[in-house]
Amino acid sequence: MESSLTEEFEDDKELTKYIETEDDWENVAEITPTFRDSGEGTVNVVKLDASVSSPLTSLTEIYAYLNSGVLDSYIPEVAEPPQTSLDLLYNCICTLRPLPPHLVQTKQSILASALIPFLNEEKIHLGVLRTLYRQLTGSRINCPRYGHHWEDIGFQGNDPSTDLRGVGFLGIVQALYLVITPDTLPFVKDVYALSLKESQEFPLMVLSLNVTRIALHILRDGLLDKQCQKDNDPWVSVNSMYAAVMYHIYHIWKTQHKTLSSSGYVLKDAEEAARRNPGKMIEEFESFLNSNYTVSKKQAARDQIIKDSAS
């Protein structure tokens, strides 16, 4: 295989430790998911006591956690990327004015969140993983911290934390955004269904982590500054960028019948398109959501999220 999803993590070591070898993706490609025993698109839900169920983890809880002081030791480690004269000229052209201090602070916090490793002692970290699993598979119960069930949603093995190299806690926070937001939940379920399709299957969470890496670099390099000013919230901007890149890849993968052998090319194309015009890609995704998912479908997603968040 000439290129891979995980090899995209090799650059920018000052931000965090990215995956450095091609072997990682080769191992992913060799995973044989066990979620089609009863037909395509189904999964083997981990058998636990049905009474073991906790509320879904919300983005509000995530932001409160990140603002509680956990980022203090990571903020100093966030380094500005070296810029050439062309970079500076491009930033001047693409950014109408410098970001105000409060947006700069939030931007730095997002970059720092990618440095937080998965921590077993932090209940909210496991809560995010379990929310991802439940929302994608339809399970209504908590699943174990370790086990091959994580491969059902596209992690590489029985411990999802080993896949987070390069994007850290942010990697699962952005995936959480997709599954806990009513407007995007129907979309990510379609992406998940495509990932299970035998002729086009791919490891969804590995893809998601690579897309977070793309969105993170676009934010870090100042290419989202204009969008951040428009949204007045870098979290909204970077999550929108992440979701838009996911849609771009999903559309190409589905309509052009892509397979794992072309994954590296698809990722490279998506990153180049996003860096050229991030605002346009976000607008295209928003248009797709409005034209492909009805109000009733989004409301059903909202009702389900509210119900399971209170369980």
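Checked by atom type, the side-chain pair D183/T181 shows no donor-acceptor distance below 3.5 Å. When only modelled atom types and interatomic distance are considered, Q299 and D303 share a side-chain donor-acceptor pair under 3.5 Å. In this structure, a donor-acceptor pair under 3.5 Å is absent between the side chains of S113 and Y74.
Side-chain contact between Q156 and P203 is absent, with no heavy atoms from C-beta onward closer than 4.5 Å. The shortest distance between side-chain heavy atoms of N232 and H102 falls below 4.5 Å. Between T212 and I172, every side-chain heavy-atom pair lies at or beyond the 4.5 Å cut-off. Residues I305 and P182 form a side-chain contact, since some pair of their non-hydrogen atoms from C-beta on lies under 4.5 Å apart. Looking at heavy atoms from C-beta onward, L111 lies in side-chain contact with Q108 at the 4.5 angstrom threshold. Contact annotation: the side chain of K189 approaches that of L185 to within less than 4.5 Å [non-hydrogen atoms, C-beta and beyond]. Taking 4.5 Å as the limit, some side-chain heavy atom of E271 sits within range of a side-chain heavy atom of R213. Side-chain atoms of L132 and M205, non-hydrogen and from C-beta on, do get closer than 4.5 Å to each other.
When every heavy atom of T294 is checked against every heavy atom of S296, the shortest pair comes out as OG1-OG, 3.0 Å. Closest of all the heavy-atom pairs between L176 and L59 is CD2-CD2, 4.1 Å. Nearest heavy atoms, A215 versus Q174: CB-OE1, 4.1 Å. M281 and A274 make their closest contact through CE-N, 3.5 Å (heavy atoms, listed as atom of the first residue, atom of the second, distance). Nearest heavy-atom pair, R130 versus C143, reported as atom, atom and distance to 0.1 Å: NE-O, 2.8 Å. Here the closest heavy-atom approach between residue M246 and residue V211 is recorded as SD-CG2, 3.5 Å.
Going from atom CD1 of I218 over to atom CZ of R276 covers 11.0 Å, rounded to the nearest 0.5 Å. Here the straight-line distance linking atom CG of L164 with atom CZ of F155 works out to 6.0 Å at 0.5 Å rounding. One distance of note links CG of L103 with OG of S237; it measures 8.5 Å at 0.5 Å rounding. Expressed to the nearest 0.5 Å, how far NE2 of H248 lies from CG of L267 amounts to 10.0 Å. Here the straight-line distance linking atom OG1 of T106 with atom CG of L219 works out to 10.5 Å at 0.5 Å rounding.
Judged as a side chain to side chain contact (heavy atoms under 4.5 Å, CB included), and not counting sequence neighbours, the contacts of N292 are F288. Take H251 and apply the ring-ring contact (aromatic ring centres under 6.0 Å, His included) test, not counting sequence neighbours, and it matches Y247. Shown here are the side-chain hydrogen bond (donor to acceptor under 3.5 Å, both in side chains) partners of N67, two or more places apart in sequence or in another chain: there are none. The side chain to side chain contact (heavy atoms under 4.5 Å, CB included) check on N158 picks up H148, with sequence neighbours excluded. For T259, the side-chain hydrogen bond (donor to acceptor under 3.5 Å, both in side chains) partners two or more places apart in sequence, or in a different chain, are S261. Partners of T131 according to the side-chain hydrogen bond (donor to acceptor under 3.5 Å, both in side chains) rule, which considers only residues two or more places apart in sequence or in another chain, do not exist here. In this structure S58 satisfies the side chain to side chain contact (heavy atoms under 4.5 Å, CB included) test together with T60, E61, sequence neighbours excluded. Under the side chain to side chain contact (heavy atoms under 4.5 Å, CB included) criterion, A243 pairs with Y177, L178, F285, not counting sequence neighbours. Every residue was checked against the side-chain hydrogen bond (donor to acceptor under 3.5 Å, both in side chains) condition with T184, not counting sequence neighbours, and none meets it.
With respect to I249, the side chain to side chain contact (heavy atoms under 4.5 Å, CB included) criterion is satisfied by exactly one of D269, V191, V266: V266.
At distances below 3.5 Å, not a single donor-acceptor pair connects side-chain atoms of S262 with backbone N or O atoms of Y265. Looking only at distances, no side-chain donor or acceptor of R134 sits under 3.5 Å from a matching main-chain atom of N142. When atom types are taken as modelled, the side chain of S195 and the backbone of L204 share no donor-acceptor pair closer than 3.5 angstrom. A distance-only check finds a donor-acceptor pair linking the side chain of R140 to the backbone of G138 [under 3.5 Å]. Listed for the D233 side chain is a donor-acceptor partner under 3.5 Å among the backbone atoms of W235. Looking only at distances, no side-chain donor or acceptor of S240 sits under 3.5 Å from a matching main-chain atom of I282. Panel note: side chain W253, backbone Q200; a donor-acceptor pair is recorded below 3.5 Å.
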Should K298 and R302 be marked as a side chain to side chain contact (heavy atoms under 4.5 Å, CB included) after you check the CA-CA gap, both sets of side-chain angles, and the distance that decides it?
CA-CA 6 Å; K298 294 175 184 177; R302 186 182 306 277; 5.8 Å; no
Between L56 and Q304, is the side chain to side chain contact (heavy atoms under 4.5 Å, CB included) condition met? List the steps.
CA-CA 10 Å; L56 300 178; Q304 179 262 304; 4.1 Å; yes
List the steps and the verdict of side-chain hydrogen bond (donor to acceptor under 3.5 Å, both in side chains) for Y192 and T137.
CA-CA 9 Å; Y192 180 57; T137 66; 5.9 Å; no
Would you sort out whether R275 and D221 count as a salt bridge (Lys or Arg N to Asp or Glu O under 4.0 Å), showing the intermediate values?
CA-CA 9 Å; R275 293 181 70 89; D221 294 345; 2.9 Å; yes
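I214 and V236 fall into different hydrophobic clusters, defined by Ile, Leu, Val, Met, Phe, Trp and Tyr side-chain heavy atoms under 4.5 Å apart, directly or through other members.
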Residues 116-126 side chain polar contacts: donor-acceptor under 3.5 Å, at least two apart:
unit_1	atom_1	unit_2	atom_2	d
N120	OD1	R145	NE	2.6
N120	OD1	R145	NH2	3.2
N120	ND2	Y146	OH	3.4
H125	ND1	L119	N	3.0
H125	NE2	Y65	OH	2.9

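Within 6.0 Å of CD on Q105 lie no more than 12 heavy atoms contributed by other residues, nucleotides or ligands.
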